[in-house]
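Presented below is the structure to which this report refers.
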Amino acid sequence: MATVVITSTETTNEECANNPESNNCAAAVEDPKCPSRPHIIRCSAEYLDLNKNNKLDREELEHAINGLSWLTRGVLKIIGSVDVIMKKCDYDRDGAISIDYDMEKNYETCLASCFKRRAFKGAFFPDCNL
């Protein structure tokens with residue numbers, strides 16, 4: 001019996017969602033089960049950045065979370081409290097999550113998994129198609 005070894009150079013949806021700039025992700029289509037970080041960033045800017053300064057201030061994040069039902073807030077505990085989110089996503093520790101700077105630098109800590117991105121999108125902007 002011959003042993004067949006299969007190697008794959010395909011990039012997974014998870015890899016493309018975390019790093020869509022990868023050459024292997026050029027043809028990737030937005031997966032509703034695994035929204036990409038750029039998609040989440042665009043939707044956050046549109047729906048959560050109330051003063052349109054390209055930053056999610058602590059107050060904007062608290063306002064968004066406080067506007068959710070108690071059940072949805074419970075699900076979001078998986079992502080973390082406002083303090084945890086700020087710690088993971090505010091790369092330069094200036095008290096706001098910059099769409100342009102922080103979200104480019106915090107790739108490995110902020111919304112790094114499909115599960116967390118899907119939960120975040122479902123809670124705050126389920127119908128966003130940006």
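Start at 1 with the first residue, then count along the sequence.
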Return each pair, listed once, that meets disulfide bond (SG atoms under 2.5 Å apart) where at least one residue sits in residues 36-65; pairs must be two or more places apart or across chains.
Cys43-Cys128
From Ser113 OG over to Lys116 NZ, what is the distance, rounded to the nearest 0.5 angstrom?
5.5 Å
Mind jotting down which residue pairs meet the ring pair (Phe, Tyr, Trp, His ring centres under 6.0 Å) criterion with at least one end in residues 31-62? Sequence neighbours excluded, please.
Tyr47-Phe125
Side chains of Arg117 and Cys34, heavy atoms from C-beta outward: is any pair under 4.5 Å?
yes
What pairs with Ala64 under side chain to side chain contact (heavy atoms under 4.5 Å, CB included), at least two apart in sequence or on another chain?
Leu48, Phe124
From Arg118 atom CZ to Asp31 atom CG, the distance as rounded to the nearest 0.5 Å:
8.5 Å
According to side chain to side chain contact (heavy atoms under 4.5 Å, CB included), who are the partners of Asp100, at least two apart in sequence or on a separate chain?
Asn54, Ser98
In this structure, are over 12 heavy atoms from other groups packed under 6.0 Å from Lys52 atom NZ?
yes
Only counting residues at least two apart or in another chain, list the ones meeting side chain to side chain contact (heavy atoms under 4.5 Å, CB included) with Lys105.
Tyr91, Tyr101
Is the number of heavy atoms from other residues, nucleotides or ligands within 6.0 Å of NZ (Lys55) greater than 12?
no
Rounded at 0.5 Å granularity, tell me how far CD in Glu60 sits from CG in Asn53.
6.0 Å
Please name all residues satisfying salt bridge (Lys or Arg N to Asp or Glu O under 4.0 Å) with Asp92, sequence neighbours left out, ordered by chain then number.
none
If the condition is side chain to side chain donor-acceptor pair (under 3.5 Å), which residues does Arg58 pass it with, not counting sequence neighbours?
Asp83
Residues in side chain to side chain donor-acceptor pair (under 3.5 Å) with Asn106, at least two apart?
Arg37
Are Ile99 and Leu130 connected in a single hydrophobic cluster, I mean Ile/Leu/Val/Met/Phe/Trp/Tyr linked by side-chain heavy atoms less than 4.5 Å apart?
no
Verify side-chain contact (heavy atoms from CB on, under 4.5 Å) between Leu111 and Ile41, making sure each step is shown before the conclusion.
CA-CA 10 Å; Leu111 298 172; Ile41 293 166; over 6 Å; no
Pro35 to Cys114 - nearest heavy-atom pair and separation:
CD-O, 4.5 Å
Are the side chains of Ile85 and Asp90 in touch, meaning some heavy atoms are under 4.5 Å apart?
no
Side chains of residues 67-74: which donor-acceptor partners sit under 3.5 Å, not counting sequence neighbours?
from: Ser69; atom 1: OG; to: Thr72; atom 2: N; distance (Å): 3.2
from: Ser69; atom 1: OG; to: Thr72; atom 2: OG1; distance (Å): 3.0
from: Arg73; atom 1: NH1; to: Leu68; atom 2: O; distance (Å): 2.5

Can you tell me how far CG of Asp57 sits from CG of Leu50, rounded to the nearest 0.5 angstrom?
9.0 Å
Heavy-atom side-chain contact between Arg93 and Lys87 under 4.5 Å
yes
Applying disulfide bond (SG atoms under 2.5 Å apart) as the test, list every pair that has at least one member in residues 45-99; sequence neighbours left out.
Cys89-Cys110
Contacts of Asp49 meeting side chain to side chain donor-acceptor pair (under 3.5 Å) (sequence neighbours excluded), chain-then-number -> none
Please list, chain by chain and in numerical order, all residues satisfying side chain to side chain contact (heavy atoms under 4.5 Å, CB included) with Val84, sequence neighbours excluded.
Ser81, Lys88
